[in-house]
Colleague: 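One structure coming up, written as structure tokens, with questions to follow.
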Protein chains: 2
Amino acid sequence: MRTDTVYKKAFNRTAAMLRDGQLTGELPSENELRRRIGVSRTTVRKVLGELAQRELVAERGGVRTAGRAVEDSDYYPDAETTSRANHVEQQFMEWMLRGDTRPGTSINELELARQFGVATNGIREFLIRFSRFGLLEKRPNTGWLFKGFTEDFALELFEIRVMFELRSAHLFSRQPDTSPLWDKLAALKVAHIELLKRIESRYQDFSGLDNRFHRLINEASPNRFIDDFYDIISFIFHYHYQWNKHDEQQRNQAAILEHLAYIDALESRDPDRIELACRAHLASARSTLMRSLIGSDE
Amino acid sequence: MRTDTVYKKAFNRTAAMLRDGQLTGELPSENELRRRIGVSRTTVRKVLGELAQRELVAERGGVRTAGRAVEDSDYYPDAETTSRANHVEQQFMEWMLRGDTRPGTSINELELARQFGVATNGIREFLIRFSRFGLLEKRPNTGWLFKGFTEDFALELFEIRVMFELRSAHLFSRQPDTSPLWDKLAALKVAHIELLKRIESRYQDFSGLDNRFHRLINEASPNRFIDDFYDIISFIFHYHYQWNKHDEQQRNQAAILEHLAYIDALESRDPDRIELACRAHLASARSTLMRSLIGSDE
DNA sequence: AAGTTGTTTTTTATGGATAAAGTTCATGCT
DNA sequence: AGCATGAACTTTATCCATAAAAAACAACTT
């Protein structure tokens, strides 16, 4: 059966809005809520129905108002708000990055399905999607070959990344002065400086900033293949660092400084400076990844 | 039910071997056949069973020999030798490239499933696989957005292609003189010259040559992401030109000449010459594609 | 006419079943 | 021991069923 995670997540969001006082007095129309929550009206109605049932909203003569106060126990547990597909993704990444899965291992859909508690269909869909990341290969009628999260992988990944980033950075710097992206860049610079001040407590915010920064650079000259490639990078980094916290604060601090140098270089519009700063940053990102690869290899 | 296309294709191949006299006297062991046909022994046994049934091979005391002559009617029809997944691919590409599918159209799994006569699952798997080609986008719980085989697509595709090819060409040219790839390049050069001589009748052979040539250039400095990207190119071109035969001979002849210039440039190891020849060739490939895009757009 | 809510229809996400194909185990033969 | 064949077992490819979610339709209200 299809999971009702969409509904549960929508319910939780709506409950949170009630609690935070974002829904005061008469509730907005179903359509308005639909827009705010980003879900179909069908689901909104289901949410409203349940909220009324639990007296979290009161219905009188077709008018809905907030009801009793929302309690912690009203929320659905987080685990019930992620779709099966998401679960598979997380479990697979954990299996891959944490387990002692060696390069060359062959992957068995049925076994993973049993292990993750889902139907084989879901596993297969995930593997097909994941295969564009260059870590898997399908052998028809036979199964999947796990190629390994290896040093080679990291080298090849970064070779492309450098090419793409240099290209995008140069195109960025050649934008007209009137481009709104310059303002965005300035805003990001401020955000970096702010984060640097509070680095001790907030160093984990860096990852979001990193993403925004690199995507901004691509925005000046969009290319779907480059965007797709950056998806791979984000994905890999997201999971890899989720289980690799070693030296995180220090790493992030260094990266912020590199970003700032890179931003200054962009603002100077000097091609040589840009290339230098860009290469320096990526080289350091690469060696961080490589180090952790080797480290986790013992 | 799973199709038995693997068996039928194996049967046809074995029958062809019998007919061509590649299997003379006592037949090889099941394992040996397995190796030659590239299929499991289970399937080989099924093939042998059917061959015996039809008296195409004779079994006497555990020894198998060729039986009566193979006739045309013994083969399974071609249509029965492609898997469902392949069918879906072909039908989808036809639907996309031939039909009047406009950019921005949304794709409906169920409708395609009905139209192609397969289960929705097969459609979905295809779409997931295909989405890495940059022509589709999945919107969860909703469907797929067809972004269109547009001019933008071609431009973005070629921007990357140029970056990758220049990089690979330069690395190719910097290989040691002792690398076996130089010999392969020389062989390809000969093949080009040969083809040029018979261009009137054999111009359709160019596509295979083109593929071999560009893959050879990547071989000197393998990178899985570049290889994957080249898969996209091959795929797109394969289908696109399958339905776009306009001026084919002339186009191919021009491309052969460009390849020859490009090969000479590589052999000269002169970076500037290489860059020039490479760019010239890709520019012409791009404008061919663009022209046909606009042409098919009436 | 435009926006509401109620209802019906369609489509997606997910599990399950099964024949075909692949793999492993068992037995026998040089 | 090493290779053949036979048989049993496992996994993949494929279809089908169904609840959840989305979309379309309908009726009502201001």
Side-chain angles (χ1 to χ4, degrees), chain A residues 1-10 27-35 37-49 59 62-64 83-88 106-114 117-128 138-144, chain B residues 1-10 26-34 37-49 59 62-64 83-88 106-114 117-128 138-144:
Chain A
M1 201 209 318
R2 182 176 179 164
T3 58
D4 58 355
T5 52
V6 172
Y7 153 71
K8 283 177 175 162
K9 197 179 259 171
L27 297 199
S29 78
E30 294 173 0
N31 262 318
E32 176 56 25
L33 275 173
R34 187 182 79 73
R35 240 165 276 135
I37 309 187
V39 86
S40 78
R41 193 162 67 86
T42 306
T43 303
V44 167
R45 301 189 96 228
K46 196 171 166 187
V47 167
L48 288 171
E59 285 182 311
V63 174
R64 284 182 271 245
S83 66
R84 281 284 186 291
N86 254 312
H87 262 288
V88 168
S106 70
I107 293 174
N108 181 296
E109 294 175 4
L110 199 57
E111 190 188 316
L112 284 186
R114 278 190 295 245
V118 297
T120 52
N121 246 311
I123 299 290
R124 184 192 286 231
E125 283 176 16
F126 171 78
L127 293 175
I128 295 173
K138 183 168 169 54
R139 287 168 312 174
N141 301 313
T142 300
W144 298 79
Chain B
M1 197 209 321
R2 183 175 178 164
T3 58
D4 57 356
T5 52
V6 172
Y7 152 72
K8 283 177 175 164
K9 199 180 255 171
E26 189 173 331
L27 296 200
S29 79
E30 293 173 1
N31 262 317
E32 174 57 24
L33 275 172
R34 187 182 80 71
I37 310 189
V39 85
S40 79
R41 192 161 68 84
T42 305
T43 301
V44 167
R45 300 188 97 229
K46 195 170 167 189
V47 168
L48 288 171
E59 284 181 313
V63 174
R64 283 183 271 244
S83 67
R84 278 286 187 293
N86 254 311
H87 263 289
V88 169
S106 71
I107 294 175
N108 180 296
E109 294 175 5
L110 200 57
E111 190 187 315
L112 283 186
R114 278 190 295 245
V118 298
T120 52
N121 246 313
I123 299 289
R124 184 193 288 233
E125 284 176 16
F126 171 77
L127 293 174
I128 296 173
K138 183 168 166 56
R139 287 168 313 173
N141 301 314
T142 300
W144 297 79

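Convention: sequence-line order gives letters A, B, ...; per-chain numbering from 1. Keep in mind the model is a prediction, meaning the values are calculated, not measured.
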Colleague: Quickly work out the A:Glu30 CD to C:dT7 P distance and round it to whole Å.
Modeller: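 Distance check: A:Glu30 CD to C:dT7 P gives 11 Å.
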Colleague: What is the distance, to the nearest angstrom, from the CZ atom on A:Arg124 to the C1' atom on D:dT14?
Modeller: 8 Å
Colleague: Name the residue closer to the 5' end of DNA chain C, choosing between B:Glu111 and A:Thr120 according to the nucleotide with the nearest heavy atom.
Modeller: B:Glu111
Colleague: Can a side chain N or O of B:Lys138 be found less than 4.0 Å away from OP1 or OP2 on C:dA13?
Modeller: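 The answer is yes; a side-chain N or O of B:Lys138 sits under 4.0 Å from OP1 or OP2.
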Colleague: Taking atom types as modelled, find out whether A:Asn121 and A:Arg84 have a side-chain donor-acceptor pair closer than 3.5 angstrom.
Modeller: no
Colleague: How do B:Gly143 and A:Val118 order along DNA chain C: which one's closest nucleotide is nearer the 5' end?
Modeller: B:Gly143
Colleague: Please pick, from C:dA13, D:dA20, D:dC16, the nucleotide with the shortest atom-to-atom distance to any side-chain atom of B:Ala119.
Modeller: D:dC16
Colleague: Would you compute the distance between atom OG1 of B:Thr120 and atom CG of B:Leu112 and round it to the nearest 0.5 angstrom?
Modeller: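 Going from the OG1 atom of B:Thr120 to the CG atom of B:Leu112 covers 11.0 Å.
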Colleague: Return the value, rounded to whole Å, for the distance between atom NZ of A:Lys46 and atom P of C:dT7.
Modeller: 17 Å
Colleague: Within this structure, what is the CD1-to-P distance between B:Ile37 and C:dG22, rounded to whole angstrom?
Modeller: 11 Å
Colleague: Counting any heavy atom closer than 4.0 Å, what does A:Arg114 reach on the DNA or RNA strands: base, sugar-phosphate only, or nothing?
Modeller: sugar-phosphate
Colleague: For the side chain of A:Glu125, starting at C-beta, report the closest nucleotide among D:dA20, C:dG22, C:dT14.
Modeller: C:dT14
Colleague: When rounded to the nearest 0.5 angstrom, what is the spacing between NE2 in A:His87 and OG1 in A:Thr3?
Modeller: 8.5 Å
Colleague: To the nearest angstrom, how far is A:Asn31 atom CG from D:dC28 atom P?
Modeller: 19 Å
Colleague: Does the base of C:dT14 carry an N or O that pairs as donor and acceptor with the side chain of A:Arg84 under 3.5 Å?
Modeller: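 Side chain to base: no pair present.
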Colleague: D:dT12 P sits how many Å from A:Leu110 CG, rounded?
Modeller: 6 Å
Colleague: Rounding to an integer number of Å, can you tell me how far B:Trp144 CH2 sits from C:dA13 P?
Modeller: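 Going from B:Trp144 (CH2) to C:dA13 (P), I get 9 Å.
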Colleague: When the nearest nucleotide of DNA chain D is assigned to B:Asn121 and to B:Asn141 on a heavy-atom basis, which residue is associated with the more 5' position?
Modeller: B:Asn121
Colleague: Under a 4.0 Å threshold between the charged nitrogen and the carboxylate oxygen, would B:Arg64 count as salt-bridged to B:Glu30?
Modeller: yes
Colleague: Taking the minimum atom-to-atom distance to the side chain of A:Val6, which one of C:dT14, D:dT12, D:dA22 wins?
Modeller: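 Comparing C:dT14, D:dT12, D:dA22 against the side chain of A:Val6, the answer is D:dA22.
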Colleague: Minimum heavy-atom separation for B:Val88 and B:Gly122, please, with both atom names.
Modeller: CG1-O, 4.4 Å
Colleague: What closest approach, in Å, do A:Arg139 and A:Trp144 show between heavy atoms, and which atom pair accounts for it?
Modeller: NH2-O, 4.0 Å
Colleague: Where the side chain of B:Arg45 is defined as all heavy atoms beyond and including C-beta, which of C:dG6, C:dA19, D:dA7 is the nearest nucleotide?
Modeller: D:dA7
Colleague: Please determine whether any donor N or O and acceptor N or O are separated by less than 3.5 Å between the side chain of A:Arg2 and the base of D:dA20.
Modeller: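 By the distance-only test, yes, there is a pair.
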Colleague: Give the rounded distance in Å between these two atoms: CE of B:Met1 and P of C:dT18.
Modeller: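 In whole Å, C:dT18 P and B:Met1 CE are 12 Å from each other.
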Colleague: Any carboxylate oxygen within less than 4.0 angstrom of a Lys/Arg side-chain nitrogen, looking at A:Glu111 and A:Arg114?
Modeller: no
Colleague: When you measure from the side chain of B:Thr142 to the backbone N and O of B:Pro140, does any donor-acceptor pair fall under 3.5 Å?
Modeller: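 Between the backbone of B:Pro140 and the side chain of B:Thr142 there is a qualifying donor-acceptor contact (under 3.5 Å).
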Colleague: If you check the A:Ser29 side chain, which of D:dT12, C:dA13, C:dT5 turns out closest?
Modeller: C:dT5
Colleague: Checking contacts here: which listed nucleotide (D:dT12, D:dT5, C:dT5) is nearest the side-chain heavy atoms of B:Arg64?
Modeller: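 Nearest to the side chain of B:Arg64 among the choices is D:dT5.
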Colleague: Counting only side-chain nitrogens and oxygens, does B:Thr3 get under 4.0 Å of the OP1 or OP2 atom of D:dT14?
Modeller: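 The answer is yes; a side-chain N or O of B:Thr3 sits under 4.0 Å from OP1 or OP2.
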Colleague: Each nucleotide N or O in nucleotides 23-26 of chain C that has a protein N or O under 3.5 Å away: list the pair and distance.
Modeller:
from, atom 1, to, atom 2, distance (Å)
C:dT23, O4, B:Thr42, OG1, 2.6

